[in-house]
Amino acid sequence: MKPIDELMVIPESAQVYEHGWQSWSPTTTYRLSDTPWRPVSDRNRVICYRPETNPDTHAFWGEGLLAIDPGDGSGVRIYSVADAQTDVPSISVEVSGTRATVSASGPVVARTETTDIETALAGWADDFAAGAGVAELRRAPTIWCSWYQYFTTVSESDIIENIAAIERLDLPVDVIQLDDGYQTALGDWFDLTDRFESLGGIASRIKDSGRRAGIWVAPFLVAPESELARNHPDWLVSDGSSPVHAGHNWGQDLFALDTTHPAALEWIAEVFSTMHRWGYDFFKIDFVYAAALPGERYEHMTPVAAYRHGLHCIREAIGDSYLLGCGAPILPSVGLVDAMRVSPDTEPQYLPKDGDRSQPSVVSAMMTGRGRAFQQGRFWVNDPDCLIARPEIEGREEWAEHIRQFGGLRGSSDRIAALDEWGLEKTRELLSESPTDPFIPSRETK
Ligand code: 9PG
């Protein structure tokens, strides 16, 4: 990190905005006396933060974007990467008394706006989006997603039950989206667990009900015991001798697919074009941070360029399907996805189990979703994560209100039969619109 700027701050009134690396990385505005959110374990750091940087709490730290309001009315200073096509520097600010020192790991640009942090970020985002070539945004379809009710034990009959319930109740759901749980191993996307008969069959079933079919894929993660890892070890990002560690989830260590390897890319193109041919036209691509991990690749490319290369390939394979990013490096994805998960997962629990704000919980999702509200309608359509409204959800009223205020993509993820009257009405209400308009910061939402 190299010092790039110095400014005077008023410690009692100054604020710092930290932008996290990917969808699940904590992102919010702090007072100088606050302790910024950091991973509570190495495991969380790899999956939910930027693994190659490991800031402590002495400095505030943003990945490609950080803003300071010195608190003296002189204006908000935004430091950011000029564009995120090949690299995204880290930016930190260390405060000592009334002096703030800003440092960066690579080239950044700075601008000052005489307004509050969020209004300044919205203006910055307009310019960043224009630079990234963001075209007119496509309205998101409303979705029903299997994850937050069934998690990895979802079955074909669960999907069928909910299609029927949605039809019977005439709920305003455009897309039925099958989430994680159908595949035998990450990487082997056509090998199904015994709870599933056929992905093509499910798509037909959904389309017969007058709705569109959506599916979850974690295209750049590879399970060590998958056929893919066993047959093609050369398709993995490596540290020179073994595959790089891409995280630990589902009780296993994970590998990352090398998106610069032509044969690996061909496999990805085949997975997506086949699913598209089967009738899927809504894709949730998840854990895609894996393609941007540092390591050795077939072609010499920066991790960010390799990631973008992988995303281009998917985009090409799915025609004009709707593409939702998740677990995705935020700034490098601008211009490549239609919608983006801008927060950690919601959960039936209000607080994260381990106290880490990157981990699933209603508060984790609300904090970072709020911190990235300004991206809505500028970078893409913001996905605040699905509404879960069944009675057992802790803080369901607050969660629903967050979605109403900040949600561009509107989704439901309850077993419909588990909803009480309040839950059903909330689902109907929130799924009756899908805003694409840019989020305008205002006093009421602060
Ligand atoms: C499927 C899920 C859902 C969900 C995604 C993503 O830190 N973690 O351990 C962690 C686990 C799962 C997770 C996010 C973080 O959820 O956001 O909507 O698709 O994968 O496995």
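One-based numbering, in listed order, for ligands and for the atoms of each. Since the structure is predicted, the reported quantities are computational estimates derived from the model, not experimental observations.
Pairs of residues two or more places apart, or lying in two chains, that qualify as side chain to side chain donor-acceptor pair (under 3.5 Å) and include a residue from residues 205-215 are Arg212-Asp281.
In summary, the side chains of Arg372 and Thr27 do present a donor paired with an acceptor at a separation below 3.5 Å, with no hydrogens or angles considered.
Summarising the geometry of Asp258 relative to Tyr298, their closest heavy-atom pair is OD2-N, 2.6 Å, with the distance given to 0.1 Å.
Closer than 4.0 angstrom to ligand 1 lie heavy atoms from Trp24, Arg43, Ile47, Cys48, Trp147, Tyr148, Asp179, Asp180, Trp216, Asn249, Trp250, Lys284, Asp286, Phe287, Cys326, Arg341, Asp345, Gln359.
For Arg315 and Asp338, the salt-bridge test passes: some basic side-chain N is under 4.0 Å from an acidic carboxylate O.
Under the 3.5 Å distance criterion, the side-chain polar atoms of Tyr280 are matched with a main-chain donor or acceptor of Leu199.
Note: Trp24 and Phe287 have perpendicular aromatic rings, judged against thresholds of 30 and 60 degrees for the angle between ring planes.
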